[in-house]
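Contents: one structure, followed by commentary.
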Amino acid sequence: MKPFQLCIQNLSKSYGSLTVWERWSLTLPSGRAYCLMGPSGSGKTTLLRILLGLEQPDAGSVNLSELPGPVVAVFQENRLCESFSALDNVLLAAGPDLSRQAAFQELCRLLPWESILRPVSTLSGGMKRRVAIVRALLAPSCAIVMDEPFTGLDEDTKHTVIAYIKEKTAGKLLLAATHQEEDAAALGAEILHVPSAL
């Protein structure tokens, strides 16, 4: 994938009298990881939703139409099809080039093999989180945004997941919202602090 930039220019967003973002600009080159950090309610999720095209800013622009591929997400909620298996959840989002066997092998890197064909409704919260992460990372994309991606993961599992994320996002752009600076360090990510004036 050729290098590209995600450009945010003079972004403003308010909800009634509450200003979330005001005339904020940022340029993020691809091939790197970034962690958006700030207290709860500071606008991290709102920014990610704008980058996904799920919300429109009041003013300003994001160059989504100029990116060389889709932006995919891991939301705060896993948003899985609960009656489907982990494997079928991944295949729903994957491109046509990913075979069922290849998807199964990818899931085996983060999940016990016997869990992969079970309905995700029977899985633990941490297992569901891993399914959501694999689904996003195997979908065709040029950029991945993750909103608190490590919720429900113990420390050992988190390190395994971080290594997998770093491998699968090589050459792409990764933007993750987190409260933990150690997560940013483990990802090798540049920290982007939410502007303090907000």
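Scope of the values below: all heavy atoms of this structure, side chains included, with no hydrogens, waters or symmetry mates.
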Looking only at heavy atoms, which two atoms of G38 and K44 are closest? And how far apart? O-NZ, 2.8 Å
With distance as the sole test, does R118 use its side chain to make a donor-acceptor pair with the main-chain N or O of E114 at under 3.5 Å? no
Apply the side chain to side chain contact (heavy atoms under 4.5 Å, CB included) test between W24 and each candidate in V194, I8, N10; give the one that qualifies. I8
Donor-acceptor pair between Q76 and T45 side chains, under 3.5 angstrom: yes
Starting from the C-alpha separation in whole Å, work towards a yes-or-no answer on side-chain contact (heavy atoms from CB on, under 4.5 Å) for Y34 and L187. CA-CA 9 Å; Y34 306 89; L187 284 166; over 6 Å; no
Side chain to side chain donor-acceptor pair (under 3.5 Å) between K172 and S30, intermediate numbers included: CA-CA 5 Å; K172 299 184 179 183; S30 63; over 6 Å; no
Spell out, yes or no, whether L54 and L175 are grouped together once hydrophobic residues are joined by side-chain heavy atoms under 4.5 Å, including indirect joins. yes
Check whether any side-chain N or O of W21 sits under 3.5 Å from a backbone N or O of S14 as a donor-acceptor pair, and report yes or no. no
Quick one, D183 and C35 - any side-chain contact, counting heavy atoms below 4.5 Å? no
R109 and E167: CA distance, side-chain angles, deciding distance, salt bridge (Lys or Arg N to Asp or Glu O under 4.0 Å) verdict: CA-CA 12 Å; R109 297 178 61 183; E167 173 190 328; 2.5 Å; yes
List for me each residue that meets salt bridge (charged side-chain N to carboxylate O under 4.0 Å, His left out) alongside D147, sequence neighbours excluded, and say none if there are none. none
For R32, check salt bridge (charged side-chain N to carboxylate O under 4.0 Å, His left out) against everything at least two apart and list the hits. E190
Is any side-chain heavy atom of M146 less than 4.5 Å from a side-chain heavy atom of I144? yes
Applying salt bridge (charged side-chain N to carboxylate O under 4.0 Å, His left out) to E82 and not counting sequence neighbours gives K128
Do the side chains of F84 and V120 get nearer than 4.5 Å, heavy atoms only? no
Shortest non-hydrogen separation from R135 to N89 and the atoms involved: CD-O, 3.4 Å
Note: E148 and R129 closest approach over all heavy atoms is O-NH2, 2.8 Å
At their closest point, which heavy atom of A103 faces which heavy atom of L87, and how far apart are they? CB-CD1, 3.6 Å
Looking at side-chain heavy atoms only, is the closest gap between T46 and Y15 below 4.5 Å? yes
Does the distance from a Lys or Arg side-chain N to an Asp or Glu carboxylate O, for E106 and K168, drop under 4.0 Å? yes
Heavy-atom check, side chain of L6 versus side chain of V62, under 4.5 Å: yes
Given D88 and R100, is the salt bridge (Lys or Arg N to Asp or Glu O under 4.0 Å) satisfied, shown in steps? CA-CA 9 Å; D88 286 334; R100 190 173 182 86; 3.0 Å; yes
